[in-house]
Amino acid sequence: MSNDASILLSALPPRPGQRRLALGIAVALLVALAVTLPLRDVQLAPVRPFIPVVDTILFLNDFITAALLAAQFSVTRSRALLVLAGGYLFTSLIIVPHALTFPDVFAPRGLLGAGLQSTVWLYIFWHLGIPPAIIAYALLKDRSGRLGTVAIAPAQAIAATALGVMLMVAFLTWLVTAGANALPPIMVDAMHASDVWHRFAAPPILALSVASLGLLWWRRASVLDLWLLVVLWAWLVETVLLSTTAYRYSLVWYAGRGFGIASSCFVLLVLLSESTILYARLATTDLARRREREGRMMTMDALSASMAHDINQPLGAIVANAEAGLALLARQPANTDAVREVLGDVVGDAHRAGRIVASIRSIFMAAPPTREPIDLDAIVRDVIAVLRRELDAHGIVVRTELRAPPRGLLGNRAQIHQVVLNLATNAIDAMAGTEARTRSLRITTAAGESGGVVLRVADSGPGVARSVAERIYEPFFTTRADGTGMGLAICRAMVAAHGGRLWHTNAGTSGATFHIYLPALPFGTGDGRARTEPPPAH
């Protein structure tokens with residue numbers, strides 16, 4: 001059986017709550033039987049509409065159950081489910097002639113040319129329908145719940161089964177009407193039966209119900225098996241109850257019909273409830289997958305735009321250095337020392353572009369990034385060197401106070417470099433429109449709490465507006481027309497991956513300061529990766 005079918009009732013194991021509920025219902029049926037049996041001699045007035053109403057309920061319950069079982073068969077192609085669906089279809093269809101032939105309901109002697117024995121024999125055939133179907137169901141599956149499959153198409157198998165059941169019901173209806181003389185008489189008159197009912201009719205139904213109950217109990221494995229056991233138990237209780245009376249419209253007779261309705265409801269209600277739950281789960285999962293797919297596409301678009309923005313800096317430097325190298329080579333004589341220096345810058349910028357891609361990609365990888373000892377002050381100096389042309393172009397004065405501990409910090413250098421570069425670039429963009437005051441960028445590092453390191457990037461721009469202060473770290477939120485809204489989100493993710501945090505403070509209209517705290521990770525595992533807990537005390 002496929003994994004897709006493992007969520008169906010024919011394969012799903014029952015939960016403890018379901019077992020308790022089934023046991024409670026079985027006990028309740030037994031108590032109802034014990035309460036009703038002493039009243040078996042109580043005779044009540046005939047209620048003529050009772051049979052049509054009850055038989056209609058039984059027909060609808062069993063027919064819908066058959067349809068739901070057939071739907072599960074169409075998924076699993078299980079012979080066992082097909083036989084069980086056929087059994088329920090048989091009980092639903094044979095109810096129709098049972099109601100039509102019942103005396104004094106639609107006609108004094110019933111319809112379809114019925115005789116005195118027609119209805120009671122249809123009742124016997126009806127109650128001999130489900131137990132054999134359940135026996136076949138139990139035998140066609142092994143004790144682990146695996147079901148053998150049919151080779152033909154499900155639609156053809158269902159159609160063939162339905163046709164066979166309809167032909168059987170039609171034959172039995174003809175047998176109890178036109179061929180009624182060939183059957184042993186059971187009813188003495190329209191109100192009570194002879195001893196044949198107690199001696200020859202009820203015992204086979206009881207024996208078959210007990211046999212199917214025992215076999216299914218022995219081979220039970222699924223939720224469906226559990227509730228079929230409850231159905232057989234209710235079926236058995238009804239037969240026991242009706243075997244104690246020979247009178248129609250007695251209290252026991254009415255109660256037996258109530259047990260019949262109960263037995264027809266159990267599997268139907270479970271199929272409907274579990275199918276509804278499974279449908280709701282599948283619908284929720286499908287919606288979540290759609291949202292995830294849409295979010296992934298948006299993330300990839302934004303991520304690609306963010307990467308393009310970050311990589312454009314080293315690419316721009318590569319282009320500028322390459323043009324400068326070509327100009328140096330064009331001179332006569334060529335300045336080879338200067339060309340060599342320019343080519344070194346090109347190689348460095350190319351490596352930096354590769355590290356940018358690797359650092360962003362590592363966020364989305366399942367494996368933790370490799371950690372190494374890093375010098376935060378050296379990273380800050382490198383970022384300032386990378387941005388020197390852009391800083392000079394915007395007339396920005398850089399001030400630094402670099403006092404980070406030279407040792408004791410483990411991390412992914414490319415990611416920390418990317419974070420500092422992104423914060424410094426954001427500061428440059430924030431100050432691009434300020435004309436009234438000096439543009440300044442202040443970067444400081446210092447020792448933090450518990451041996452950690454604190455880095456601050458302060459600008460003299462307009463600051464972060466209070467209306468957006470809580471949203472600037474959200475993915476896709478941006479205050480710039482050409483922004484992607486992923487820069488600060490990625491920075492916070494990178495810092496969080498190092499066990500640190502990123503936040504900002506506002507100095508009114510005189511700029512904003514972004515703070516990064518990175519905890520000290522002075523102990524390693526020996527494989528270049530940081531440990532997540534301190535070493536044991538000795």
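Start at 1 with the first residue, then count along the sequence.
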Open item on the list: Between Leu100 and Thr173, is there a side-chain heavy-atom distance shorter than 4.5 Å?
Closed with: no
TODO: Please check if any side-chain donor atom of Tyr137 sits under 3.5 Å from a side-chain acceptor atom of Asp225, or the reverse.
DONE: yes
Open item on the list: Let me confirm one number: the CG-CG distance from Leu488 to Asn422, rounded to the nearest 0.5 Å.
Closed with: 6.5 Å
Open item on the list: The criterion is salt bridge (Lys or Arg N to Asp or Glu O under 4.0 Å); which residues satisfy it with Arg501, sequence neighbours excluded?
Closed with: none
- [ ] Spell out, as yes or no, whether a donor-acceptor pair under 3.5 Å connects the side chain of Thr245 to the backbone of Leu242.
- [x] no
TODO: Report yes or no: does Thr36 contribute a side-chain atom to a donor-acceptor pair with the main-chain N or O of Val252 at less than 3.5 Å?
DONE: no
Open item on the list: Using 0.5 Å steps for rounding, measure from the CG atom of Leu183 to the CZ atom of Phe125.
Closed with: 5.5 Å
TODO: First locate atom CH2 of Trp235, then atom OG of Ser264, and finally report the distance between them rounded to the nearest 0.5 Å.
DONE: 8.0 Å
Open item on the list: Working to the nearest 0.5 angstrom, can you tell me the gap between Thr161 OG1 and Arg79 CZ?
Closed with: 12.5 Å
TODO: Kindly say whether Arg248 contributes a backbone atom to a donor-acceptor pair with the side chain of Gln43 at under 3.5 angstrom?
DONE: yes
TODO: Report yes if the side chains of Ile51 and Arg257 come closer than 4.5 Å at any heavy-atom pair, otherwise no.
DONE: yes
TODO: Could you tell me the separation between the CD1 atom of Ile516 and the NE2 atom of His498, rounded to the nearest 0.5 Å?
DONE: 10.5 Å
TODO: Indicate yes or no: at least one non-hydrogen side-chain atom of Leu224 is less than 4.5 angstrom from one of Leu69.
DONE: yes
TODO: Let me see the working for His504 and Ile472 under side-chain contact (heavy atoms from CB on, under 4.5 Å), right down to the final yes or no.
DONE: CA-CA 10 Å; His504 74 278; Ile472 60 174; 3.6 Å; yes
Task: Residue among Leu208, Ile205, Val231, Val210 satisfying side-chain contact (heavy atoms from CB on, under 4.5 Å) with Pro131 - done: Leu208
Open item on the list: Check this for me: Phe50, atom CZ, are more than 12 non-hydrogen atoms of other residues, nucleotides or ligands nearer than 6.0 Å?
Closed with: yes
TODO: Check whether any side-chain heavy atom of His515 sits under 4.5 Å from a side-chain heavy atom of Leu502, and report yes or no.
DONE: no
Task: Under 3.5 Å: donor-acceptor pair, side chain of Arg220, backbone of Leu226 - done: no
Task: Which residues share a ring pair (Phe, Tyr, Trp, His ring centres under 6.0 Å) with Trp217, sequence neighbours left out - done: none
- [ ] Answer yes or no: is there a side-chain heavy-atom contact under 4.5 Å between Pro46 and Asp104?
- [x] no
TODO: Determine, stepwise, if the pair Leu33 / Leu241 fulfils side-chain contact (heavy atoms from CB on, under 4.5 Å).
DONE: CA-CA 7 Å; Leu33 175 63; Leu241 194 62; 3.6 Å; yes
Open item on the list: Taking the side chain as everything from C-beta on, heavy atoms only, tell me whether Asp55 gets closer than 4.5 Å to Phe102.
Closed with: no
- [ ] Go through the side-chain N and O atoms of Ser118 and Thr177 and say whether any donor and acceptor fall under 3.5 Å apart.
- [x] no
Task: Student check: side-chain heavy atoms of Leu232 and Leu236 closer than 4.5 Å - done: no
Open item on the list: Can a donor-acceptor pair be found, under 3.5 Å and without considering hydrogens, that links the side chain of Trp121 to the backbone of Pro184?
Closed with: yes
Open item on the list: Are there over 12 heavy-atom neighbours, none belonging to Met191, within less than 6.0 Å of that residue's CE?
Closed with: yes
Open item on the list: Nearest 0.5 Å, please: how far is CG in Asp62 from OG1 in Thr91?
Closed with: 3.5 Å
Open item on the list: Is it the case that the side chain of Gln117 and the backbone of Ile186 share a donor-acceptor pair, with hydrogens and angles ignored and the cut-off at 3.5 Å?
Closed with: yes
Open item on the list: Using 30° and 60° as the class boundaries, would you call the ring planes of Trp126 and Tyr123 parallel, tilted or perpendicular?
Closed with: perpendicular
Open item on the list: Is any side-chain heavy atom of Phe106 closer than 4.5 Å to one of Leu112?
Closed with: no
- [ ] Measure across Ala234 and Leu29 and return the closest heavy-atom pair with its distance rounded to 0.1 Å.
- [x] CB-CD1, 3.7 Å
